[in-house]
Amino acid sequence: MRFVNVAVGQLGPIARNDTRTQAVARLSGLMRQARSNGCDLIVYPELALTTFFPRWYIEDQSEIDGFFEREMPGPETQALFDLARELGIGFYLGYGELSIEDGVLHRYNSSILVDKSGAIVAKYRKVHLPGHAEHEPWREFQHLEKRYFEPGNRFGVVEAFGGLMGMAICNDRRWSETYRVMGLQGVEMVLIGYNTPVHNPPAPEHDDLSLFHNELVMQAGAYQNGTWVVGVAKAGIEEGVDQIGGSCIIAPSGEVVAACTTKGDEIALARCDLDLCNSYKRTTFNFDIHRQPRAYRMIVERKGKNLMADGTPVGSGE
Ligand code: CDT
């Protein structure tokens with residue numbers, strides 16, 4: 001048995017004017033609770049240091065950049081790393097990343113995995129950016145992730161906490177490819193932070209199903225890949241927008257083994273045996289024996305029914 005004691009570190013709303021220091025104080029409070037309950041790892045939401053700013057169309061780039069971190073740890077987040085090291089607990093943290101690569105500025109919706117010594121052991125940049133790139137005033141609120149972030153391009157796994165850990169962010173959890181690409185690398189625990197409005201302006205008929213869909217996709221991803229999945233919300237009414245809670249820990253069986261019950265700051269805990277993955281990875285989902293990649297070529301060749309992966313129309317190259 002290889003146990004990792006995991007805490008979901010769900011957050012309630014963060015206001016637009018809340019400071020990083022205020023957010024870090026709340027994260028620190030959850031971290032202390034998690035550690036006093038014997039946890040090895042606490043998982044925080046997507047963009048856990050600020051309000052979910054893609055809900056607004058903002059023209060002033062310096063105002064937008066105010067929601068991003070230029071360094072990690074930075075002046076305000078260092079305290080969380082120090083506390084993790086002092087307590088001996090690791091964490092997953094979602095944040096807006098502003099980075100300069102070869103002199104070019106990039107903005108990503110990112111997460112990091114930090115070990116018990118306070119060292120960053122992995123960084124992930126969100127691959128599936130939902131929403132839209134242009135202002136759409138008809139919406140009750142915007143979802144401008146396609147405007148404010150560039151997509152990341154890989155789902156990796158890392159050895160940490162005695163197992164193989166992977167990360168994803170919010171909308172990624174709805175895509176089977178997310179889990180499968182990590183499943184193919186033997187992932188044993190997938191950590192996912194999210195901000196999910198109850199209301200989806202282009203599809204209001206989905207609103208009543210938002211919690212169902214949240215569990216559906218994470219439970220399927222866990223079972224079909226024989227992995228633990230930890231999903232963590234920033235929940236509640238944030239700047240007038242109602243966001244789902246439903247943070248939970250899912251076993252490789254697909255069963256929810258721990259869940260939050262509020263839409264505020266709350267922890268939920270589970271003692272996760274990574275060896276529980278084995279019976280799924282060695283039998284029903286023994287990929288090396290049972291998968292048939294020849295039959296799945298379209299998965300990487302095509303973007304959808306009409307477009308090839310490179311964006312050209314299906315059939316145009318024949
Ligand atoms: N943050 C995030 O990715 N939220 C999306 C909302 C989808 S509706 C545009 C989600 O998949 O939960």
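These numbers come from the heavy atoms of this one structure, side chains and all, not from hydrogens, waters or symmetry mates.
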Indicate yes or no: at least one non-hydrogen side-chain atom of His128 is less than 4.5 angstrom from one of Arg173. no
For residues 217-232, the side-chain hydrogen bond (donor to acceptor under 3.5 Å, both in side chains) pairs (sequence neighbours left out) are Arg180-Asn225
If I take atom CD from residue Glu177 and atom CG from residue Asp172, how far apart are they, to the nearest 0.5 angstrom? 10.5 Å
Write down the atom of Ile169, the atom of Ser111, and the distance for their closest heavy-atom approach. CD1-N, 3.7 Å
Connected via hydrophobic side-chain network under 4.5 Å: Val257 and Val43: yes
Could you check Val6 against Met189 for side chain to side chain contact (heavy atoms under 4.5 Å, CB included), going step by step and ending with a plain yes or no? CA-CA 10 Å; Val6 178; Met189 184 174 281; 3.7 Å; yes
Quick one: side-chain hydrogen bond (donor to acceptor under 3.5 Å, both in side chains) partners of Gln185, sequence neighbours excluded? none
Answer yes when Arg55 and Glu239 have at least one side-chain N-carboxylate O distance shorter than 4.0 Å, and no when they do not. no
Got Tyr296 and Arg291 here, is their nearest side-chain heavy-atom distance under 4.5 Å? yes
Here the gap from Ser99 atom OG to His106 atom NE2, rounded to the nearest 0.5 Å, amounts to 6.0 Å
Write down the atom of Gly245, the atom of Ala233, and the distance for their closest heavy-atom approach. O-CB, 3.6 Å
Tyr124: ring pair (Phe, Tyr, Trp, His ring centres under 6.0 Å) partners, not counting sequence neighbours: Phe155
Spacing of CG belonging to Leu274 relative to SG belonging to Cys272, to within rounding of 0.5 Å: 7.5 Å
Given salt bridge (charged side-chain N to carboxylate O under 4.0 Å, His left out), test Asp242 with Lys263 step by step and report yes or no. CA-CA 10 Å; Asp242 191 8; Lys263 288 176 80 170; 2.7 Å; yes
Qualifying residue for salt bridge (Lys or Arg N to Asp or Glu O under 4.0 Å) with Glu134, from Arg139, Arg147, Lys146: Arg147
Between CG of Asn195 and CD of Gln243, what distance do you get to the nearest 0.5 Å? 4.5 Å
When every non-hydrogen atom of Ile244 is compared with those of Ser210, the smallest separation belongs to CG2-OG, 3.4 Å
Does the pair Arg107/Asp65 count as a salt bridge with the N-to-O cut at 4.0 Å? yes
Under 4.5 Å side-chain linkage, directly or through intermediates, the cluster mates of Phe53: Leu47, Phe52, Trp56, Tyr57, Ile58, Ile64, Phe67, Phe68, Leu98, Ile100, Leu105, Leu129, Leu144, Tyr148, Phe149
If Ile, Leu, Val, Met, Phe, Trp and Tyr residues are connected whenever their side-chain heavy atoms lie under 4.5 Å apart, and connections chain through other members, are Met182 and Val158 in the same group? yes
With the side chain counted from C-beta on, respond yes when Val232 and Ser247 share a heavy-atom pair under 4.5 Å apart, and no when they do not. yes
Start with the C-alpha distance between Ser110 and Lys126, add both sets of side-chain angles, then the distance that settles side chain to side chain contact (heavy atoms under 4.5 Å, CB included), and finish with yes or no. CA-CA 6 Å; Ser110 299; Lys126 186 174 182 178; over 6 Å; no
Cluster question for you: counting only ILVMFWY and a side-chain heavy-atom cut-off of under 4.5 Å, with indirect links fine, are Ile250 and Phe285 together? no
Taking the side chain as every heavy atom from C-beta outward, state whether Asp207 and Asn200 have any pair of such atoms under 4.5 Å apart. yes
Looking at Gln22, I want to see if its CD is surrounded by more than 12 non-hydrogen atoms of other residues, nucleotides or ligands under 6.0 Å. yes
Is it true that a side-chain atom of Asn37 and a backbone atom of Cys39 form a donor plus acceptor pair closer than 3.5 Å? no
Identify the two heavy atoms, one from Met165 and one from Val187, that lie closest to each other, and give their separation to 0.1 Å. C-CG2, 3.9 Å
How far apart are the C-alpha atoms of Tyr179 and Leu184, what are their side-chain angles, what is the distance that settles it, and do they pass the side chain to side chain contact (heavy atoms under 4.5 Å, CB included) test? CA-CA 9 Å; Tyr179 306 92; Leu184 287 168; over 6 Å; no
Using the six-membered ring of Tyr108, assess whether NZ or CZ of Arg125 lies under 6.0 Å from its centre and within 45 degrees of the ring axis. yes
With rounding to the nearest 0.5 angstrom, report the CD to CD distance, Glu71 to Glu76. 9.0 Å
Please examine the side chains of His143 and Glu136, heavy atoms only from C-beta on, and report whether any two atoms are closer than 4.5 Å. no
Check the hydrophobic clustering (I, L, V, M, F, W, Y; side-chain heavy atoms under 4.5 Å; chains of links allowed) and say if Trp175 and Met167 are grouped together. no
Show your reasoning for whether salt bridge (charged side-chain N to carboxylate O under 4.0 Å, His left out) applies to Lys116 and Asp40. CA-CA 8 Å; Lys116 292 182 181 186; Asp40 304 299; 2.8 Å; yes
Side-chain donor or acceptor of Ser316 paired with backbone N/O of Thr312 under 3.5 Å: no
Is it true that Glu188 and Arg2 have a side-chain N and a carboxylate O under 4.0 angstrom from each other? yes
Would one find more than 12 heavy atoms of other residues, nucleotides or ligands at under 6.0 Å from atom CG of Asp310? yes
Going through the checks in order, is the salt bridge (charged side-chain N to carboxylate O under 4.0 Å, His left out) test met by Glu238 and Arg16? CA-CA 9 Å; Glu238 190 178 83; Arg16 187 168 184 160; over 6 Å; no
Can you list the steps and then say if Glu46 with Asn109 is a side chain to side chain donor-acceptor pair (under 3.5 Å)? CA-CA 8 Å; Glu46 172 189 35; Asn109 187 342; 2.8 Å; yes
Sidechain-backbone polar pair: Glu255 side chain, Ala251 backbone, donor-acceptor under 3.5 Å: no
State, with a plain yes or no, whether a side-chain heavy atom of Ile249 is found less than 4.5 Å away from one of Val8. yes
Before you tell me yes or no, could you show the steps for Tyr194 and Asn214 under side chain to side chain donor-acceptor pair (under 3.5 Å), namely the whole-Å CA-CA distance, both residues' side-chain angles and the distance that decides it to 0.1 Å? CA-CA 10 Å; Tyr194 58 90; Asn214 182 53; 3.1 Å; yes
Would you indicate whether the side-chain heavy atoms of Leu41 and Asn5 approach each other to under 4.5 Å? no
Where Lys234 and Pro45 come nearest, the two heavy atoms and their spacing: N-CB, 3.6 Å
Sub-4.5 Å side-chain heavy-atom contact between Asn286 and Tyr280: no
Val230-Leu211 co-clustered via ILVMFWY side chain contacts under 4.5 Å: yes
Through direct or indirect side-chain contacts below 4.5 angstrom among Ile, Leu, Val, Met, Phe, Trp and Tyr, which residues connect to Leu216? Leu209, Phe212
Ala48 and Ala23: which non-hydrogen atoms are nearest, and at how many Å? O-CB, 4.1 Å
Consider only side-chain N and O atoms of Gln78 and Asp82, and report whether a donor and an acceptor are under 3.5 Å apart. yes
Using the rule given for side chain to side chain contact (heavy atoms under 4.5 Å, CB included), can you reason through Glu59 versus His135, listing the C-alpha separation, both sets of side-chain angles and the distance that settles it, and then say yes or no? CA-CA 10 Å; Glu59 292 187 80; His135 189 206; over 6 Å; no
Could you list who else is in Met31's hydrophobic cluster, with ILVMFWY side chains joined at under 4.5 Å, directly or through other members? Leu11, Ile14, Val24, Leu27, Leu30, Ile42, Tyr44, Leu49, Met72, Leu80, Phe81, Leu83, Leu87, Ile89, Phe91, Leu93, Tyr95, Ile112, Val114, Ile120, Ile267, Leu269
